S.K.: 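The structure follows.
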Amino acid sequence: MSVLRVENVSKTFVLHHQNGVRLPVLRDTSLEVNAGECVVLHGHSGSGKSTLLRSLYANYLPDAGHIHVKHGDEWVDLVQAPARKVLDVRRHTIGWVSQFLRVIPRVSALDVVMQPLLELGLPRDVCIGKASQLLTRLNVPERLWHLAPATFSGGEQQRVNIARGFIVDYPILLLDEPTASLDAKNSAAVVELIAQAKARGAAIVGIFHDEAVRESVADCLFPMGISA
Ligand SMILES: Nc1ncnc2c1ncn2[C@@H]1O[C@H](COP(=O)(O)OP(=O)(O)OP(=O)(O)O)[C@@H](O)[C@H]1O
């Protein structure tokens, strides 16, 4: 059952402050992702992987095409949807793990992780329980949980970010190099989280530069890149 359908998406960046140079990045890109499937975007550096992933989260607006997302009982086209609908889709349907954590001063790691679940109205103790479980699985030491992640190492920040992305059982997950700054043990923990998400029916689209990780999570590779 497909939950995400990308139809003929095109995106050209126009650099207005650099003589209006045009960079065509996506041209007629079409892609379908089923529940329980992990599609890995694959292509050389600059081939448009991040651009497509950001478009799937409606961070970038394509110039043409459609991005249909199964949102509860309805299909929403993220290219046409009003901002309020996009926010609703992000809250309930699409989770996003970026490469870097956006740290907020004075907000503890535990609060950063559980915020998306709290926003869905779950009781605080349930949220704390689930956040603690994820931080434990991702080997974030308990002494750090009540500290703000600004001073954490790159790998610790990334694991807080991953815990936050996995705390809600989103039907669709977008993963932008979630294992980039992790060692083998922590990469394995992330691979396990991904396998578990697939098993519960999540559709996943990701970018993974590490070949071993890519091999273990991908159901298929989606080739990227246009020859302009
Ligand atoms: N906001 C932007 N404004 C202008 N050009 C952009 C923007 N974002 C991306 N690009 C350009 O689009 C092209 C594709 O970039 P993108 O980051 O999608 O590639 P990628 O495949 O993810 O690369 P990498 O593997 O190096 O992360 C690049 O040439 C880049 O310069």
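Since the structure is predicted, the reported quantities are computational estimates derived from the model, not experimental observations. Start at 1 and go down the list; that is how both ligands and their atoms are numbered. In this chain, numbering begins with 1 at the start of the sequence shown.
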S.K.: As an exercise, identify every atom of ligand 1 less than 4.0 angstrom from a heavy atom of His44.
M.R.: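 Every atom of ligand 1 under 4.0 Å from some heavy atom of His44: 21 (O).
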S.K.: Which atoms of ligand 1 are found less than 4.0 Å from any heavy atom of Lys49?
M.R.: 18 (O), 19 (O), 20 (P), 21 (O), 22 (O), 23 (O), 24 (P), 25 (O)
S.K.: How far is atom 1 (N) of ligand 1 from its nearest protein heavy atom, and which residue and atom name does that atom have?
M.R.: Tyr60 OH, 3.1 Å
S.K.: Is any side-chain heavy atom of Trp145 closer than 4.5 Å to one of Val113?
M.R.: no
S.K.: Looking at ligand 1, does Gly43 have a heavy atom less than 4.0 Å from it?
M.R.: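 Under 4.0 Å: no for Gly43.
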S.K.: Which residue and non-hydrogen atom of the protein lie closest to atom 12 (O) of ligand 1, and at what distance in Å?
M.R.: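 Protein heavy atom at minimum distance: Val25 CG2, 3.2 Å.
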S.K.: Does either side chain, that of Glu192 or that of Gln196, offer a donor lying less than 3.5 Å from an acceptor on the other one?
M.R.: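 No, Gln196 and Glu192 have no side-chain donor paired with an acceptor closer than 3.5 Å.
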S.K.: Does a side-chain heavy-atom distance below 4.5 Å link Gln115 with Arg164?
M.R.: yes
S.K.: Measure the distance from atom 15 (O) of ligand 1 to every protein heavy atom, then report the residue, atom name and distance (to 0.1 Å) of the closest one.
M.R.: Thr51 OG1, 3.9 Å
S.K.: Among all the protein's non-hydrogen atoms, which is closest to atom 14 (C) of ligand 1, and how far away is it?
M.R.: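 For this ligand atom, the closest protein heavy atom is Gly46 O, 3.3 Å.
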S.K.: Could you list the atoms of ligand 1 found under 4.0 angstrom from a heavy atom of His209?
M.R.: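 It comes down to these atoms of ligand 1: 25 (O).
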S.K.: Between Asp111 and Arg124 (salt bridge meaning N to carboxylate O under 4.0 Å), is one present in this structure?
M.R.: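 Looking at Arg124 together with Asp111, the answer is yes, because their closest N to O distance falls below 4.0 Å.
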S.K.: For ligand 1, which atoms sit closer than 4.0 Å to a heavy atom of Leu15?
M.R.: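 Ligand 1 atoms under the 4.0 Å threshold to Leu15: 4 (C).
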S.K.: Hey, is atom 30 (C) of ligand 1 under 4.0 Å from any protein heavy atom?
M.R.: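 Not a single protein heavy atom is under 4.0 Å away.
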S.K.: Give me the atom names and distance for the closest heavy-atom approach of Ser181 to Gln158.
M.R.: OG-CB, 3.7 Å
S.K.: Got the closest protein heavy atom to atom 3 (N) of ligand 1, with its distance?
M.R.: Phe13 CD2, 3.5 Å
S.K.: Tell me, with the steps shown, if Lys85 and Asp77 meet salt bridge (Lys or Arg N to Asp or Glu O under 4.0 Å).
M.R.: CA-CA 10 Å; Lys85 182 60 90 178; Asp77 179 2; over 6 Å; no
S.K.: May I ask whether Glu177 places a heavy atom under 4.0 Å from ligand 1?
M.R.: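 Flag not set, Glu177 not near ligand 1.
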S.K.: State, with a plain yes or no, whether a side-chain heavy atom of Val3 is found less than 4.5 Å away from one of Pro171.
M.R.: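 No, every pair of side-chain atoms sits at 4.5 Å or beyond.
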S.K.: Does His92 have any ring-ring contact (aromatic ring centres under 6.0 Å, His included) partners at least two apart in sequence or in another chain, and if so, which?
M.R.: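 Expected list: none.
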S.K.: Does Arg90 reach the side chain of Tyr170, with side-chain heavy atoms less than 4.5 Å apart?
M.R.: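 No; the side chains remain at least 4.5 Å from each other.
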S.K.: Taking distance alone, with N or O pairs closer than 3.5 Å, would you say Ile207 contacts ligand 1?
M.R.: no
S.K.: Tell me the protein heavy atom at minimum distance from atom 26 (O) of ligand 1, and give that distance in Å.
M.R.: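 Going atom by atom, the protein heavy atom closest to atom 26 (O) of ligand 1 ends up being Ser45 OG, 2.5 Å.
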S.K.: So do the side chains of Val39 and Asp219 get within less than 4.5 Å of each other, counting heavy atoms only?
M.R.: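 Contact flag for Val39/Asp219 side chains = no.
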S.K.: Atom 17 (O) of ligand 1: which protein heavy atom is closest, and how many Å away?
M.R.: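 Protein heavy atom at minimum distance: Ser50 CB, 3.6 Å.
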